[in-house]
Amino acid sequence: MTNDIYGPFPGSAGFSAALTEGQRARYEELGTNLDVVERRIADACAAAGRARDEVTLVVVTKTYPAEDTALLAGLGVTDVAENRDQDAAPKAEQCRNLPLSWHFVGQLQTNKVRSVVRYANHVHSVDRLRLVESLSAAVLKAERPELGCLVQVALDKAYGEGEHRAGVAPEDVARLADAIADTPGLRLDGVMTVAPLAGPLAGDPARAFDRLAEIATAVRAAHPTATMVSAGMSGDLEQAIAAGATHVRVGTAVLGVRSPLR
């Protein structure tokens, strides 16, 4: 297998010899970081009485170059995430020949939908009916397979906080989930949240993710195939796994401290 960045696929014969000293050092650094994160996930699964294969690691590659994404693929990463289309679209194009599933996890404006559906396998941040309609239209026009969608839940909105933050209040999840499930071109995959910054659950990710688990259970009761629960990041993945997360979104712990967004 080859790619447009390094030629030989990372991990294949001839790959290591083609790397510069700096590229080889980065490859080793990412591998070391991945090992640490994998141990954390495995330990958290064991503590929760869950099988390791119940949890998918999604590496959030925002602000990092396509070269890092290719190295991650060579290290066995299968799922990567981005939160800005202007960064994700060119990166996905450069990595189009790699065996990766792309997750869009940022707030999505309708004017970016046509671009996002060209590469995304999942959109974790569906939070309004207009976005559902725009995604459906773009998917049908592109004649691509169904797009997996998750309802983004803003847990703080249940307490009158986070009015301008992305996500829907818990009481609105069922209605939006039904809309996704009933819309052509889209597939309801589950729910997503970020640990809230305000309200009674702020600073308590364990309680926040337990609340998301309750919401996810209600969604599955109506839509049994909507089994994804996307929760937990570098600092709180253990609490998310304990609460039943199926996908953890980890960036800093794998790639390092991020530079400020441009």
Cluster overlap Met233 with Tyr64, hydrophobic side-chain contacts below 4.5 Å: no

Student check: side-chain heavy atoms of Arg26 and Glu67 closer than 4.5 Å: no

Residues Asp189 and His124: side-chain donor-acceptor under 3.5 angstrom: no

Residue pair Arg165 / Leu197, side-chain heavy-atom distance below 4.5 Å: yes

Met192 and Arg249, any side-chain heavy atoms less than 4.5 Å apart: yes

Interatomic distance, Leu150 atom CG to His247 atom NE2 [nearest 0.5 angstrom]: 8.0 Å

CG on Leu140 to CG on Leu147, rounded to 0.5 Å: 11.0 Å

4.5 Å side-chain heavy-atom contact, Val191 and Leu212: yes

Leu108-Val58 co-clustered via ILVMFWY side chain contacts under 4.5 Å: no

Under-4.0 Å salt bridge between Arg211 and Glu214: yes

Closest heavy-atom pair and its distance - Leu75, Tyr27: CG-CE1, 3.6 Å

Atom of Arg207, atom of Pro200 and distance for their closest heavy-atom approach: NH1-O, 3.4 Å

Donor-acceptor contact below 3.5 Å, side chain Thr193 vs main chain Val153: yes

Inter-residue atom distance Ser136.OG - Leu131.CG, 0.5 Å rounding: 11.0 Å

Derivation of the side-chain contact (heavy atoms from CB on, under 4.5 Å) call for Val139 and Glu146: CA-CA 7 Å; Val139 168; Glu146 285 184 329; 6.0 Å; no

Salt-bridge contact Arg24-Glu21 (side-chain N to carboxylate O under 4.0 Å): no

Sub-4.5 Å side-chain heavy-atom contact between Thr69 and Trp102: yes

Leu100 CG to Thr78 OG1 distance, which is reported to the nearest 0.5 Å: 7.5 Å

Heavy-atom side-chain proximity of Ser101 to His122 below 4.5 angstrom: yes

Full working for side-chain contact (heavy atoms from CB on, under 4.5 Å) between Val126 and Val132: CA-CA 7 Å; Val126 180; Val132 171; 3.6 Å; yes

Atom pair CD1 (Ile180) and SG (Cys149), whose distance is rounded to the nearest 0.5 Å: 5.5 Å

Presence of salt bridge, Arg52 and Glu38, under 4.0 angstrom: yes

Heavy-atom check, side chain of Ile241 versus side chain of Phe209, under 4.5 Å: no

Residues Glu82 and Thr61: side-chain donor-acceptor under 3.5 angstrom: yes

Distance-minimising heavy-atom pair for Lys157 and Ala169: CB-CB, 3.8 Å

Straight-line distance of Arg187 CZ to Met228 CE, nearest 0.5 Å: 8.5 Å

CZ/Arg114: more than 12 non-hydrogen atoms of other groups inside 6.0 Å: no

Side-chain heavy-atom pair Val219, Leu188 within 4.5 angstrom cut-off: yes

In one Ile/Leu/Val/Met/Phe/Trp/Tyr side-chain cluster, 4.5 Å: Leu237, Leu34: yes

With Ser234, the side chain to side chain contact (heavy atoms under 4.5 Å, CB included) member among Val37, Val248, Thr252: Thr252

Pair Leu255-Thr63, side-chain contact (heavy atoms from CB on, under 4.5 Å): steps then yes or no: CA-CA 10 Å; Leu255 288 147; Thr63 79; over 6 Å; no

Intermediate values then yes/no, salt bridge (charged side-chain N to carboxylate O under 4.0 Å, His left out), Arg130 and Glu133: CA-CA 5 Å; Arg130 185 183 175 198; Glu133 295 166 346; over 6 Å; no

Linked, directly or transitively: Ile215 and Leu176 (ILVMFWY side chains, under 4.5 Å): yes

Verdict with supporting geometry, Gln152 and Ser125, side-chain contact (heavy atoms from CB on, under 4.5 Å): CA-CA 5 Å; Gln152 181 172 355; Ser125 48; 3.2 Å; yes

Gln86, CD: over 12 other non-hydrogen atoms inside 6.0 angstrom: yes

Non-hydrogen atoms of Gln94 and Ala66 that approach each other most closely: OE1-CB, 3.4 Å

Gln239 to Pro205 - nearest heavy-atom pair and separation: NE2-CG, 3.9 Å

Closest non-hydrogen atom pair, Ala88 against Tyr119: CB-OH, 3.3 Å

Distance-only side-chain donor-acceptor flag, Asp85 / Ser115, under 3.5 Å: yes

Hydrophobic cluster membership, Leu30 vs Leu98, 4.5 Å side-chain cutoff: yes

